[in-house]
Amino acid sequence: METTPLRLLRLKTTPFALFLSPPKFHRPQTALAFPNLRRNDAVKRTPFALSHSSFSPNPNPFRFTSSVSQSPFPISNFSFNYSSSRQNDAGFRWSRASRSGVDGNLGLLGPEKAEVVVVLLGWLGGQSKHLKRYVEWFNSRGVDAVTFVVDVKEVLGFDLGHRVEKRVAELAREVASWVEGGGERWLVFHTFSNTGWFVYGALLEIWEDRPDLIEKIRGCVVDSGAGAPFDPKVWAAGFSTAILKKNSSLAKPAVETKELNASGGAASLSKVQEEEPPAIETMLLMVLEKLFSFILKLPDVDKRLTKVVSVLSTNPPHCPQLYLYSMGDKVVPHQSIESFIAEQRKIGRTVKSFNFGTSPHVDHYRTFPNIYSQELNHFLKECLATPVKQT
């Protein structure tokens, strides 16, 4: 079996399954009816489309008993009650919060006392255990959580990423089933890196003819994402970091980091002291950059990626957005994130942001736990307490 990235050059489409056209579904006729999947209103189904009997919705995803152990990462100013979780066959995990949540019980805010679920969409190569600290943070505040991660092997495997696309479709159906389960129910999305952001865009596209679902989205947190989606260097950096993991120089801080002041000022970073990456990493980055320079120019890939980015940039939900990023991010350049933030404000979206200054890619919470928690807590209280104006 070929193990080099050159194997991917045989693809007629991108190796990232999110670039393939996602299924769309309409409002079910009854509460238990399953939405029909279709591609561009055509009869022909996509390669990853599910048969009507291959997946069944779960109106109560919290019928499970296994426990999640407590996170080793610091979580300040609140206590952790308990969290039950279960792994879905599609690879996403539900975690239920105690209804006696503390710190204002974010899960039951607003005049309707709505139930709230946060959908945590992980970075490329991340695992459910890496999102556990975030699950515990939300669970301790009365917010249920569902996590979704994408493994590198799923993207570069023999099925050309079709399994990822199938899993995204199943996630969309599962979350929709929960929203339609009765009572007032709201969604908050928390995405990580460009991968989680792309998954969010794919979900929005699947739901584009379901305004009843879109209006349930009360807020979106973007951690280390929404930057330079068409840049081969960013794609190469993301895949290289996912492949090399802790051995990647891109995952390490550029300078020594210290906790930010509680006043909330972004850290100043005038000069980043870069270290030369190891030779094997330099070679991998070079090969991946050439590879993605080719792949991203394929007509089908360009069309698919443009559509997803368009949904995210020109027609996102009318809910508040929070961007958490850093000048020290070596994977997604902060300038591109700031540019996207400016574009969102121009189209009238409510946008908040925080620049952590020195923390590495998707590592802001572990590096600055108190400030991260503070920013997230303020944002959620605001977006869950304020009605979303749909136009």
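Residues R96 and W94 have side chains not in contact (no heavy-atom distance under 4.5 Å, counting atoms from C-beta outward). A heavy-atom distance below 4.5 Å is found between the side chains of V188 and V116. Between S95 and T147, the closest side-chain pair of non-hydrogen atoms is not below 4.5 Å. Using a 4.5 Å heavy-atom threshold, the side chains of E215 and H318 count as separate. The closest side-chain heavy-atom distance from L121 to F198 is not below 4.5 Å.
The heavy-atom pair separating L203 from V168 by the smallest distance is CD2-O, 3.7 Å. Closest of all the heavy-atom pairs between A145 and N139 is N-ND2, 4.0 Å. What you find for P360 and A251 is that their closest heavy atoms are CB-O, 3.5 Å. Across all non-hydrogen atoms, the minimal contact from A169 to I206 is CA-CD1, 4.2 Å. Taking each heavy atom of C383 and G219 in turn, the nearest pair found is SG-CA, 4.2 Å. Shown here for P333 and V234, the closest heavy-atom pair between the two residues is CD-CG2, 3.7 Å.
By the ring-ring contact (aromatic ring centres under 6.0 Å, His included) test, F379 is found to be paired with no residue, residues two or more places apart in sequence or in another chain being considered. Scanning for side chain to side chain contact (heavy atoms under 4.5 Å, CB included) contacts around E343 gives S339, F340, with sequence neighbours left out.
In this structure, the separation between CD1 on I341 and CG on L322 is 9.0 Å, given to the nearest 0.5 Å. Put simply, CG on L298 and CG on L305 are 11.5 Å apart, with the number rounded to the nearest 0.5 Å. Between the CG atom in N315 and the CD1 atom in I214 there is a gap of 8.5 Å [rounded to 0.5 Å]. Interatomic distance, F354 CZ to L324 CG, rounded to the nearest 0.5 Å: 8.5 Å.
Judged by distance alone, with hydrogens and angles left aside, the side-chain atoms of D151 form no donor-acceptor pair with the main-chain N or O of G125 at under 3.5 Å. With hydrogens and angles disregarded, a donor-acceptor distance shorter than 3.5 Å links the side chain of H130 to the backbone of Q127. A donor-acceptor contact shorter than 3.5 Å links the side chain of K330 to the backbone of S249. Counting only distance, with no hydrogens or angles, the side chain of N194 and the backbone of P229 share no donor-acceptor pair below 3.5 Å. In this structure, S313 contributes its side chain and V309 its backbone to a donor-acceptor pair below 3.5 Å. Distance alone, capped at 3.5 Å, places no donor-acceptor pair between the S373 side chain and the P369 backbone. When atom types are taken as modelled, the side chain of R349 and the backbone of Q321 share no donor-acceptor pair closer than 3.5 angstrom. No donor-acceptor pair under 3.5 Å is formed between the side chain of D231 and the backbone N or O of W235. A distance-only check finds no donor-acceptor pair linking the side chain of R141 to the backbone of A97 [under 3.5 Å]. With hydrogens and angles disregarded, no donor-acceptor distance shorter than 3.5 Å links the side chain of S177 to the backbone of R173.
Aromatic ring pairs are classed by plane angle as parallel below 30°, tilted from 30° to 60° and perpendicular above 60°; the pair F138 and H190 is perpendicular.
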>> Run the side-chain contact (heavy atoms from CB on, under 4.5 Å) test on H378 and K352 for me, step by step, so that the C-alpha distance in whole Å, both residues' side-chain angles and the decisive distance to 0.1 Å come before the verdict.
In response: CA-CA 11 Å; H378 289 170; K352 295 183 180 297; over 6 Å; no

>> Using the rule given for side-chain contact (heavy atoms from CB on, under 4.5 Å), can you reason through V149 versus S128, listing the C-alpha separation, both sets of side-chain angles and the distance that settles it, and then say yes or no?
In response: CA-CA 7 Å; V149 294; S128 294; 4.3 Å; yes

> Between D329 and F356, is a side-chain contact (heavy atoms from CB on, under 4.5 Å) present by the stated rule, with each step listed?
Replying inline: CA-CA 10 Å; D329 191 329; F356 288 89; over 6 Å; no

>> Applying salt bridge (charged side-chain N to carboxylate O under 4.0 Å, His left out) to E180 and R185, what does each step give before you reach the verdict?
In response: CA-CA 8 Å; E180 295 162 346; R185 297 185 170 188; over 6 Å; no

> Where do L171 and V146 land on the side-chain contact (heavy atoms from CB on, under 4.5 Å) test, with the steps shown first?
Replying inline: CA-CA 9 Å; L171 175 63; V146 57; 4.2 Å; yes

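In this structure, a donor-acceptor pair under 3.5 Å is absent between the side chains of S326 and H364. Neither side chain, D223 nor Y365, offers a donor N or O lying under 3.5 Å from an acceptor on the other.
Residues F230 and V222 fall within the same hydrophobic cluster, defined by Ile, Leu, Val, Met, Phe, Trp and Tyr side chains chained together at heavy-atom separations under 4.5 Å. Both F294 and L296 are part of a single hydrophobic cluster, where members link through side-chain heavy atoms under 4.5 Å apart. Following chains of ILVMFWY side-chain contacts shorter than 4.5 Å, one cannot reach I347 starting from L312, and the two form parts of different hydrophobic clusters.
When ring centroids are compared, W123 and Y134 stay outside the 6.0 Å threshold.
Summarising the local packing, NZ of K245 is surrounded by more than 12 heavy atoms from other residues, nucleotides or ligands at distances under 6.0 Å.
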